[in-house]
Visitor: 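Here it is: the structure, laid out below.
Hydrogens, waters and symmetry mates are skipped; everything else that's a heavy atom, side chains included, is used. Note that the coordinates shown come from a computational prediction; the quantities given were computed from them, not determined experimentally.
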Amino acid sequence: HFVKERMHLMKQIAASAKVLADMAEGKTTFDPVTASEAVSGLTGNANLILEKFEPDEDDPGSKAKPEIWMNWKDFSSKADGLFRAALTAEVSSPEEVRVSIQAIGASCRACHTTYQD
């Protein structure tokens, strides 16, 4: 059951990041309240990553590579990077959203490049 929870968690993180990315790219209108809610969602969900990945469970629908559990320290560091990027995100202006989503996106890519199929 942890795999389904992990997959749901990652979809929630992606949805929050998409809200910010769409604002940064001008696809949606900048709204500081919506941006702040997205950051809160990212922070709260990023804080759950290790808890949801700690059990070494596999599922054919999962994109998680086994390297996660073989390199737990590195994976943990990358998960913490996303949490910190979300925690320090500034979103009171469109410019701040652009800078913040770049850091958040870099954190996502750092982990996905290594640990996602």
Visitor: Closest heavy-atom contact between A35 and V91?
Guide: CB-CB, 3.7 Å

Visitor: Working to the nearest 0.5 Å, report the span between CE of M7 and CZ of F2.
Guide: 15.5 Å

Visitor: Under the 3.5 angstrom rule, does the side chain of N47 hit a backbone N or O of T43 as a donor-acceptor pair?
Guide: no

Visitor: Is there a side chain to side chain contact (heavy atoms under 4.5 Å, CB included) between T34 and M23 once you walk through the steps?
Guide: CA-CA 10 Å; T34 301; M23 280 187 203; 3.7 Å; yes

Visitor: If you round to the nearest 0.5 Å, how far is NZ of K65 from CG of D117?
Guide: 5.5 Å

Visitor: Say whether F83 and I104 are linked into one hydrophobic cluster, either directly or through other cluster members, by side-chain heavy-atom distances under 4.5 angstrom.
Guide: no

Visitor: Over all heavy atoms of both residues, which pair between K78 and A110 is shortest? Give the atoms and the distance, please.
Guide: CE-O, 3.2 Å

Visitor: Starting at CZ of R84, measure out to CG of L87 and round the result to the nearest 0.5 Å.
Guide: 7.5 Å

Visitor: How far apart are the closest heavy atoms of M10 and F53, and which atoms are they?
Guide: SD-CE1, 4.0 Å

Visitor: For the atom pair SG (C108) and CD1 (I13), what is the distance rounded to the nearest 0.5 Å?
Guide: 7.0 Å

Visitor: Would you please name every residue forming a salt bridge (charged side-chain N to carboxylate O under 4.0 Å, His left out) with E5, sequence neighbours left out?
Guide: K52

Visitor: Compute whether any side-chain donor of one residue and acceptor of the other, for E96 and S100, lie under 3.5 angstrom apart.
Guide: no

Visitor: Any sub-3.5 Å donor-acceptor pair from S36's side-chain atoms to P32's backbone N or O?
Guide: no

Visitor: Rounded to the nearest 0.5 Å, what's the gap from CG on L48 to NE2 on H8? Could you check?
Guide: 10.5 Å

Visitor: Might you point out which heavy atoms bring C111 and F75 nearest each other, and give the distance in Å?
Guide: SG-CE1, 3.6 Å

Visitor: Any donor and acceptor pair, going by atom type alone, linking the side chain of W72 with main-chain N or O of E54 inside 3.5 Å?
Guide: no

Visitor: What is the distance from atom CG of L82 to atom OG of S77, rounded to the nearest 0.5 Å?
Guide: 12.0 Å

Visitor: Checking D22 now: which residues fulfil side-chain contact (heavy atoms from CB on, under 4.5 Å) with it, not counting sequence neighbours?
Guide: K18, K27, T28

Visitor: Output every pair passing side chain to side chain donor-acceptor pair (under 3.5 Å) with a member in residues 107-116, not counting sequence neighbours, ordered by first then second residue.
Guide: D74-Y115, H112-Q116

Visitor: Looking at W69 and A64, what are the two nearest heavy atoms and their distance?
Guide: CH2-CB, 4.1 Å

Visitor: Is there a side-chain contact between L9 and R6 in this structure, where contact means two heavy atoms from C-beta onward sitting under 4.5 Å apart?
Guide: no

Visitor: To check you understand the geometry: which heavy-atom pair defines the closest contact between I101 and A17, and what is its length?
Guide: CD1-O, 3.5 Å

